[in-house]
Amino acid sequence: MEKRIDTVIVDDDNPSIRVLAERLKGYPDVNLVATAGNGEEGWNTVMRYKPELLFLDVELSDTSGLEFLSSLDKHIDWNMKVVFYTSYEKYLLPALRLQAFDFLLKPVSDSELSLIMNRFYLSREEALRSGGQPVQPKPLSQPVQSILITTITNDKLIVRPENIGFFKYDSERKLWRVVLNSLQHFILKHQTTAETILNYAPEFIQIHKTYIININYLYLISENSCTLLPPFNKVSELKVSKMYKKKLLDRFYDM
């Protein structure tokens, strides 16, 4: 029988603990051994149980999760993956800089948790293939499955490509806009060009001078437009120009 995944949650908000604990029940091999409500309790809990997976809130009552992880790091002599979870996106970049395994935004959604757990299982398999030795995290210059996008207000978004449906160019304002699978829109900084966006990830392909889509959401190509899969099917059909249509069709048929 495969070894169960001992897991700890450190969070000072009991409702958030209950929500995450309930979501984790969907993973039978995850063994939630303990929870802790502050940094001091969290320290003792982590050192006692030596979990393989730690969900750590960024804002604790007696310390920040970032400081907690920084001070704990030199005492960790086992393979433990840390997932920060928070209500505030502003903490995501510092979390990555500390080489946390991943991050999760509150309220926790099943789809986001599923992506993280799939990454965790893959990492675990790699560790087993390497003789049980911990797999070293990739440096920040090669972030895992995430891209950094700067908005017009200079905010930083760390987004996985699969959470992006398409980009739309506003010809009047001469600005690109990104549309996420939550249907949120963010206007990108002035210096963002189509080439910049296409270099974010191979999934992005230009279909018109005003549209770049994530091809993994592509459902239907008609004469001069295309339709995307949910939730982007709620958006009106996206224009496809002759200039980009052949390349789009080639990519679509190769999928």
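If you're wondering where the values come from, they're calculated on a predicted model, not measured in any experiment. Every heavy atom of this structure was used, including side-chain atoms; hydrogens, water molecules and symmetry mates were not.
- Applying the side-chain contact (heavy atoms from CB on, under 4.5 Å) test to Ser16 and every residue at least two apart in sequence or in another chain returns Asp11, Asp13, Tyr85, Lys106.
- Residue pairs meeting the ring-ring contact (aromatic ring centres under 6.0 Å, His included) criterion with at least one member in residues 51-73, sequence neighbours excluded, do not occur.
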**Request:** Please test Asn79 against Glu52 for side chain to side chain contact (heavy atoms under 4.5 Å, CB included), starting from the C-alpha separation and ending with a verdict.
**Result:** CA-CA 6 Å; Asn79 191 14; Glu52 191 174 350; 5.7 Å; no
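- Note: the hydrophobic cluster containing Tyr121 also contains Phe101 (ILVMFWY, side chain heavy atoms under 4.5 Å, direct or indirect links).
- The distance from the CG atom of Leu72 to the CG atom of Leu54 is 7.5 Å, given to the nearest 0.5 Å.
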**Asked** Would Lys156 and Ile149 count as a side chain to side chain contact (heavy atoms under 4.5 Å, CB included) if you check the C-alpha gap in whole Å, the side-chain angles of each, and the deciding distance to 0.1 Å?
**Response** CA-CA 6 Å; Lys156 309 295 182 184; Ile149 295 176; over 6 Å; no
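- Applying the side-chain contact (heavy atoms from CB on, under 4.5 Å) rule to Thr153 yields the partners Thr151, Asp155; only residues at least two apart in sequence or on another chain are considered.
- Residues Leu183 and Ile187 fall into different hydrophobic clusters, defined by Ile, Leu, Val, Met, Phe, Trp and Tyr side chains chained together at heavy-atom separations under 4.5 Å.
- The side-chain hydrogen bond (donor to acceptor under 3.5 Å, both in side chains) contacts involving residues 165-175 comprise nothing, where partners must be two or more places apart or lie in separate chains.
- To the nearest 0.5 Å, the span separating CZ on Phe186 from CD1 on Ile164 amounts to 10.5 Å.
- By the side-chain contact (heavy atoms from CB on, under 4.5 Å) test, Asn163 pairs with Glu112, Leu115, Val159, Arg160, Asn181, sequence neighbours left out.
- The CG atom of Leu53 sits 11.5 Å away from atom CG of Asn31, with the distance rounded to the nearest 0.5 Å.
- For the atom pair Thr7 OG1 and Leu24 CG, the distance stands at 6.5 Å (nearest 0.5 Å).
- Under the 4.5 Å side-chain heavy-atom criterion for grouping Ile, Leu, Val, Met, Phe, Trp and Tyr, Leu180 is not connected to Leu175 through any hydrophobic cluster.
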Donor-acceptor pairs under 3.5 Å, side chain of residues 191-204 to any protein atom, not counting sequence neighbours: which ones?
residue, atom, partner, partner atom, Å
Thr192, OG1, Lys189, O, 3.0
Thr193, OG1, Glu195, N, 3.4
Thr193, OG1, Thr196, N, 3.1
Thr193, OG1, Thr196, OG1, 2.9
Thr196, OG1, Thr193, N, 3.3
Asn199, ND2, Glu195, O, 3.2

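- Using a distance-only test at 3.5 Å, with no hydrogens or angles considered, a donor-acceptor pair links the side chain of Asn214 to the main chain of Pro161.
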Show which side-chain atoms of residues 39-50 pair as donor or acceptor with protein atoms under 3.5 Å away, not counting sequence neighbours.
residue, atom, partner, partner atom, Å
Glu41, OE1, Gly37, N, 3.2
Asn44, ND2, Glu40, O, 3.4
Thr45, OG1, Glu41, O, 2.7

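- Between the side chain of Asn38 and the backbone N or O of Ser61, no donor-acceptor pair lies under 3.5 Å.
- By the side-chain hydrogen bond (donor to acceptor under 3.5 Å, both in side chains) test, Ser114 pairs with no residue at all, sequence neighbours left out.
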**Request:** Show your working on side chain to side chain contact (heavy atoms under 4.5 Å, CB included) between Leu248 and Leu218 and close with a plain yes or no.
**Result:** CA-CA 10 Å; Leu248 177 64; Leu218 184 57; 3.8 Å; yes
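- Between Val83 and Phe120 there is no side-chain heavy-atom pair separated by less than 4.5 Å.
- The hydrophobic cluster containing Met80 also contains Leu56, counting ILVMFWY residues as joined when their side-chain heavy atoms lie under 4.5 angstrom apart, directly or transitively.
- Ile152 and Phe167 sit in two unconnected hydrophobic clusters of ILVMFWY residues. Membership requires side-chain heavy atoms under 4.5 Å apart, directly or through other members.
- Residues satisfying the salt bridge (Lys or Arg N to Asp or Glu O under 4.0 Å) test with Lys246, not counting sequence neighbours, are Asp250.
- Residue Leu32 holds its CG atom at 4.5 Å from CD1 of Ile9, rounded to the nearest 0.5 Å.
- Interatomic distance, Thr35 OG1 to Arg18 CZ, rounded to the nearest 0.5 Å: 10.5 Å.
- For the ring-ring contact (aromatic ring centres under 6.0 Å, His included) condition, no pair includes a residue of residues 19-42, sequence neighbours left out.
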Would you tabulate the side-chain donor-acceptor contacts of residues 220-232 under 3.5 Å, counting partners in other chains and residues two or more places apart, or write 'none'?
residue, atom, partner, partner atom, Å
Ser222, OG, Ser225, O, 3.1
Ser222, OG, Ser225, OG, 2.8
Ser225, OG, Glu237, OE1, 3.1

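- For Asp110, the side-chain contact (heavy atoms from CB on, under 4.5 Å) partners are Arg23, not counting sequence neighbours.
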**Request:** In sequence, state the C-alpha distance, the side-chain angles, and the governing distance for Tyr244 and Ile205, and then conclude on side chain to side chain contact (heavy atoms under 4.5 Å, CB included).
**Result:** CA-CA 9 Å; Tyr244 300 103; Ile205 182 168; over 6 Å; no
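- When all heavy atoms of His208 and Ser241 are compared, the pair lying nearest together is CD2-CB, 3.7 Å.
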